[in-house]
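All heavy atoms count here, side chains included; hydrogens, waters and symmetry mates do not. No experiment lies behind these values; they were computed from the predicted model shown.
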Amino acid sequence: MAHPQFAAELLQRAEKQGPITIGLAGAGQMGTDIVVQVALMPGMRIGAISEVRPQAAIDAALLAGHDRSDIMQAGNAAAIDRAIEAGKIAVTEDLHALAAAGRIDVIIDATGNPNIGTLFALEVMKNGKHIVMLNVEADITIGRFLKEEARKAGVVYTGAAGDEPACTLEIIGFARSLGFNIIAAGKGKNNPLKIDAMPADYEKEAAERNMNARMLVEFVDGSKTAIEMVAIANATGLVPDVPGMHGPTATLEELASVLCPREDGGVLHRKGVVDYSIGKGVAPGVFCIIETRHPRVLERMIDLKVGKGPYFTIFRPYHLTSLEVPLSAARAVVYKRADMEPLDHPVAEAVAVAKSDLGLGRSLGMIGENDYRGFAMTWEDARARGALPLGLAERAKVVKPVKSGDLLTYENCVPDDSMVITQIRRRLDQSDGRFVTNAA
């Protein structure tokens with residue numbers, strides 16, 4: 001959470017050193033939001049945007065209120081630097097040029113592709129720049145490797161404020177700082193859960209909501225929820241209680257009495273878990289269920305109408321997605337601190353479950369398409385079952401037929417070894433002593 005004086009600090013820094021200069025990769029829906037929001041923020045500016053469709057970057061800058069004369073095309077790092085020095089915004093099609101430009105302090109990756117995001121993050125860090133990753137898919141697959149590379153380079157690798165994981169971490173950190181016991185943490189699911197959702201059935205709704213059908217289905221079929229809860233787990237040590245989590249229909253008022261241990265009338269087998277609710281009044285917020293047994297603290301919490309106790313819901317009723325992301329970029333530069341980073345060893349895994357029957361030789365599509373959906377489980381469970389990490393499923397080849405509803409495993413699927421994310425993940429698994437069939 002931003003310090004109350006943070007806006008003043010940004011202005012003071014801008015007076016002494018100039019504004020924090022952000023490089024942005026990707027000017028899609030989220031990238032455009034970021035360009036517009038940064039234009040409204042004190043002590044910050046967009047220095048350059050990398051986008052394969054340059055007009056999308058130009059349109060984003062115009063929407064943010066920049067004059068067309070202040071937007072310049074740039075083919076290399078030197079041209080980007082010249083544009084920034086002249087107070088302009090550079091638009092480039094070259095991610096390498098963006099990573100190498102010397103006048104940029106921090107880069108936000110809004111490309112949305114785990115493999116491209118990984119390659120790009122590594123290059124950004126080698127060039128001595130902080131990186132804010134909107135790419136949660138890459139983070140849950142190889143985040144600890146990226147964190148270690150950042151440490152070696154002396155830069156910050158961080159998840160993005162505004163996304164549910166970082167927003168949940170804010171309230172987990174608040175509760176832990178006060179010494180409360182964390183029972184559960186997570187989010188309200190924004191879309192109704194339909195695990196067999198297919199893009200063809202969501203074209204109309206996606207068009208109405210100005211998004212593509214694949215991305216909408218990634219939310220509807222539970223993949224995005226699994227990804228986000230695993231990201232929280234691997235940043236905090238909280239774990240999915242059961243494979244797939246519980247996902248109760250608990251309302252905001254019911255959360256603390258449902259996501260608590262079974263012996264106290266709830267559904268949990270243990271304390272310290274990640275989960276989500278599809279109950280009314282929780283989405284689009286994030287929550288943390290805490291416990292206190294001290295009579296004085298109980299008395300005060302009840303008196304303050306937080307709940308009935310001994311379990312209470314700490315709740316943030318909103319997450320502003322891309323609009324909050326620039327705060328992570330600013331904190332990386334000013335405080336050299338990550339808003340969210342993975343632990344040195346993961347405790348959870350987002351794996352892939354078949355959404356339809358998959359025949360021999362099939363090359364798998366993307367998350368949110370017809371082949372598979374994301375599913376959260378503990379790291380140990382995923383490892384014991386040889387489950388294929390969700391971040392490696394795209395372009396994997398089916399080597400044994402898979403029935404709808406079954407786990408994709410290293411035994412029935414071979415990930416695409418030409419992708420750097422696959423290569424890095426295999427090295428991580430080998431360093432953990434995990435033997436991976438078909439991936440040697």
Side-chain angles (χ1 to χ4, degrees), residues 7 9-28 30-111 120-134 150 153-158 160 322-323 325-336:
E9 285 177 54
L10 289 175
L11 283 172
Q12 283 165 5
R13 186 190 182 279
E15 281 166 23
K16 290 179 190 159
Q17 298 167 254
I20 290 170
T21 303
I22 295 172
L24 175 66
M30 294 195 90
T32 298
D33 288 348
I34 289 165
V35 176
V36 170
Q37 193 66 34
V38 169
L40 302 171
M41 295 173 74
M44 298 177 72
R45 67 172 168 181
I46 297 287
I49 306 167
S50 173
E51 173 56 66
V52 289
R53 301 161 300 127
Q55 191 59 46
I58 293 166
D59 290 345
L62 292 172
L63 186 61
H66 299 283
D67 288 334
R68 184 63 186 84
S69 60
D70 288 334
I71 306 163
M72 296 174 66
Q73 301 274 94
N76 56 41
I80 291 173
D81 284 337
R82 282 196 300 274
I84 292 169
E85 283 159 17
K88 315 280 190 192
I89 293 178
V91 171
T92 183
E93 294 179 55
D94 189 348
L95 281 173
H96 306 288
L98 184 67
R103 293 289 178 188
I104 289 171
D105 300 310
V106 55
I107 287 181
I108 298 171
D109 169 28
T111 58
F120 181 55
L122 292 171
E123 194 167 349
V124 167
M125 294 189 286
K126 279 183 191 136
N127 277 284
K129 292 181 185 62
H130 309 299
I131 179 91
V132 180
M133 288 282 273
L134 272 75
V155 297
V156 174
Y157 164 81
T158 180
S322 34
L323 304 181
V325 172
L327 289 172
S328 290
R331 285 191 281 259
V333 174
V334 175
Y335 301 139
K336 309 287 186 283

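- Here the closest non-hydrogen pair linking S322 and P326 is O-CD, 3.6 Å.
- The backbone N or O of A101 lies less than 3.5 Å from a partner atom in the side chain of K129, making a donor-acceptor pair.
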(request) Start with the C-alpha gap between I80 and R103, add the side-chain angles, then the distance that decides, and say whether side chain to side chain contact (heavy atoms under 4.5 Å, CB included) holds. (result) CA-CA 8 Å; I80 291 173; R103 293 289 178 188; over 6 Å; no
(request) Evaluate the criterion side chain to side chain contact (heavy atoms under 4.5 Å, CB included) for residue pair E93 and V52; output intermediate values, then yes/no. (result) CA-CA 5 Å; E93 294 179 55; V52 289; 5.7 Å; no
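- Within the model, atoms CZ of R331 and CD of E9 stand 11.0 Å from one another, a figure rounded to the nearest 0.5 Å.
- Judged purely by atom type and a 3.5 angstrom limit, E51 uses its side chain to pair as donor or acceptor with the backbone of A27.
- Side chain of T92 to main chain of G75: no donor-acceptor pair is present (N/O by atom type, distance under 3.5 Å, no hydrogens or angles).
- Listed here is the closest heavy atom pair of L95 and F120: O-CE1, 3.6 Å.
- Closest approach of A60 to V36, counting heavy atoms only: O-CG2, 4.3 Å.
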(request) Kindly indicate, with the supporting measurements, whether the criterion side chain to side chain contact (heavy atoms under 4.5 Å, CB included) is fulfilled by V35 and L63. (result) CA-CA 9 Å; V35 176; L63 186 61; over 6 Å; no
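- In this structure, L10 CG and I20 CD1 are separated by 5.0 Å, a value rounded to the nearest 0.5 Å.
- Contact annotation: the side chain of V155 never approaches that of I131 to less than 4.5 Å [non-hydrogen atoms, C-beta and beyond].
- A distance of 9.5 Å separates CD1 of I49 from CG of L98, quoted to the nearest 0.5 Å.
- Of all heavy-atom pairs spanning L11 and G43, the tightest one is CD2-N, 4.1 Å.
- Interatomic distance, CD1 of I34 versus CD1 of I108, reported as 4.5 Å (0.5 Å rounding).
- Across A90 and A83, no two heavy atoms sit closer than the pair CB-CB, 3.9 Å.
- Rounded to the nearest 0.5 Å, atoms CG (L323) and CG (L40) are 9.5 Å apart.
- A donor atom on one side chain and an acceptor atom on the other are found under 3.5 Å apart for T111 and D109.
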(request) Show your reasoning for whether side chain to side chain contact (heavy atoms under 4.5 Å, CB included) applies to H130 and K336. (result) CA-CA 9 Å; H130 309 299; K336 309 287 186 283; 4.0 Å; yes
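- Rounded to the nearest 0.5 Å, atoms CG (L327) and OG1 (T158) are 11.0 Å apart.
- For the 3.5 Å distance criterion, the side chains of E123 and N127 fail to qualify, holding no donor opposite an acceptor.
- Side chains of I58 and R68 form a contact here, defined as non-hydrogen atoms less than 4.5 Å apart.
- Of all heavy-atom pairs spanning T21 and G47, the tightest one is CG2-CA, 3.6 Å.
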